[in-house]
Enquirer: 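Dropping the structure in here first, questions after.
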Amino acid sequence: MSRSSALRTYVLSRLLLAPLMIWTITTLIFLLLRSTPGDPIDVLLGPRAPEAAKQALRANLGLDAPLWLQYLRYLGDLLRFDLGTSLTSQGQPVWKIIGDHFPATVELALFSLLISVVVGMTIGALAASRPNTPIDVGGRLFGIFTYAVPMYWFGMLLQLVFAVQLGWFPIGTRFPLSIQPPPAITGLYTIDSMLSGSLPQFFTSLYYLALPSFTLGLLLSGIFERMVRVNLKQTLKADYVEAARARGIPERRIVVAHALRNALIPVITVLGLTFASLLGGAILTEVTFSWPGLANRLYEAISQRDYPVVQGVMVFFSVIVVLASIAIDIINAYIDPRIRY
């Protein structure tokens, strides 16, 4: 079989597996949510509400039906791209909740990823190019620190120092309430302010984004630091690198122009998956900084037992992660001929 035919088969198989993966995830979400303690009716009416009122509301919301029937209704709604309406937000459609809060999550994820890549790759490249030196040891300690430190503790510490004690950065919002935010084009304030040509709004957006994105980005940078350091050290021992040294090419040029490019192939995989997981896994950051993103809204829905919002948001995040994973696999298969499929 030729490489192009094998590649088409590989891409087709990955695409056909996607619905199965999404169905598995959505089923697990449904079962896990129903098995957790707590009753959404108690949250809506209060635990001391009359039993008759509770039963009436439960029947109205379809929560009195057998579990298998609720599951079939849930799957039927998903096939129609109907994520339902919130139980606690005055019947607000889940799609509207996603549309209102997702841009804030995307913006936080993008800037966090940018910081993590720049910091992690820089430290990893410096450590790999100077093995067994204080810089290399410092790079290892940095990787251990970012892996071991709990995000919520680090975020609260930075808030206490830089927001509360020093007052350098704001927390709790994306934009000051006293200033008109940029016109809604993409929902990302930094991009919308640039599109509307307002530099003050752009820098204000960055100012409010700085502390949460730095916190998340710095802790994630350890992933890239470790990957770049290990892969670059192996690449620097390769025959073609030794040949470049023998030709008298400066070491900095060898690292940047030759070795680093090959060492980045596995980083591309991690980069895509990290961004996808950031979209759905930034709950701790958003809750710690009261960032008005979709992950923070998901946390509120979980605490309120708002089944439609929890199910809808988690399915939305799951689809993004699955699609990102498939896209990364396909990109890797195209750019790296060593991958077998």
Side-chain angles (χ1 to χ4, degrees), residues 101-127 134-135 137-182 187-194 196 198-226 274-275 277-300 303:
H101 294 83
F102 190 53
T105 297
V106 173
E107 190 165 46
L108 176 62
L110 281 173
F111 279 87
S112 300
L113 191 65
L114 178 64
I115 292 171
S116 66
V117 170
V118 172
V119 174
M121 287 182 58
T122 302
I123 296 177
L126 288 173
I135 294 177
V137 175
R140 295 181 201 172
L141 292 176
F142 177 79
I144 295 172
F145 171 79
T146 55
Y147 183 76
V149 172
M151 206 298 301
Y152 64 90
W153 178 84
F154 189 60
M156 291 174 67
L157 180 66
L158 292 187
Q159 282 189 77
L160 181 64
V161 174
F162 294 105
V164 178
Q165 298 292 338
L166 299 176
W168 288 355
F169 294 99
I171 53 175
T173 182
R174 293 179 67 192
F175 213 76
L177 299 176
S178 57
I179 303 177
Q180 184 71 20
L188 278 65
Y189 285 176
T190 49
I191 295 179
D192 290 347
S193 56
M194 291 296 290
S196 58
S198 175
L199 282 179
Q201 288 182 327
F202 173 74
F203 288 116
T204 302
S205 304
L206 280 184
Y207 179 50
Y208 277 74
L209 190 61
L211 197 54
S213 60
F214 177 76
T215 302
L216 189 56
L218 190 67
L219 293 186
L220 285 175
S221 64
I223 300 173
F224 299 101
E225 184 273 335
R226 288 190 294 273
T274 301
F275 179 68
S277 62
L278 268 174
L279 294 177
I283 292 180
L284 285 177
T285 306
E286 294 192 2
V287 172
T288 302
F289 286 91
S290 299
W291 186 255
L294 191 56
N296 195 16
R297 183 65 182 83
L298 174 62
Y299 173 78
E300 294 176 4
S303 62

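Side chains are part of it too, since the values below use all heavy atoms of this structure and drop only hydrogens, waters and symmetry mates.
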Enquirer: Determine whether Thr190 and Glu107 satisfy the following criterion, side-chain hydrogen bond (donor to acceptor under 3.5 Å, both in side chains), listing intermediate values before the conclusion.
Expert: CA-CA 8 Å; Thr190 49; Glu107 190 165 46; 2.6 Å; yes
Enquirer: Give the minimum heavy-atom separation between Leu188 and Arg174, together with the two atoms involved.
Expert: CA-NH2, 4.0 Å
Enquirer: Take Phe289 and Gln159 through the side chain to side chain contact (heavy atoms under 4.5 Å, CB included) test and state the conclusion after the steps.
Expert: CA-CA 8 Å; Phe289 286 91; Gln159 282 189 77; 3.4 Å; yes
Enquirer: Compare all side-chain heavy atoms of Val118 with those of Phe224 and state whether any distance is below 4.5 angstrom.
Expert: no
Enquirer: Rounded at 0.5 Å granularity, tell me how far CG in Leu220 sits from OG in Ser213.
Expert: 11.5 Å
Enquirer: Between Thr105 (side chain) and Leu294 (backbone), is there a donor-acceptor pair under 3.5 Å?
Expert: yes
Enquirer: Can you check whether Ala127's main-chain N or O pairs, donor with acceptor, with Glu225's side chain at less than 3.5 Å?
Expert: no
Enquirer: Taking Glu286 for the side chain and Arg297 for the main chain, is one N or O donor matched with an acceptor at less than 3.5 Å?
Expert: no
Enquirer: Which pair of non-hydrogen atoms, one from Phe175 and one from Gln201, has the smallest distance, and what is that distance?
Expert: CE1-O, 3.7 Å
Enquirer: Quick one: pull up CZ in Arg226 and CD1 in Ile144 and give me the separation to the nearest 0.5 Å.
Expert: 8.5 Å
Enquirer: Sort out for me which residue in Leu209, Asn296, Thr285, Ile171 forms a side-chain contact (heavy atoms from CB on, under 4.5 Å) with Trp291.
Expert: Leu209
Enquirer: Between Ser116 (side chain) and Leu113 (backbone), is there a donor-acceptor pair under 3.5 Å?
Expert: yes
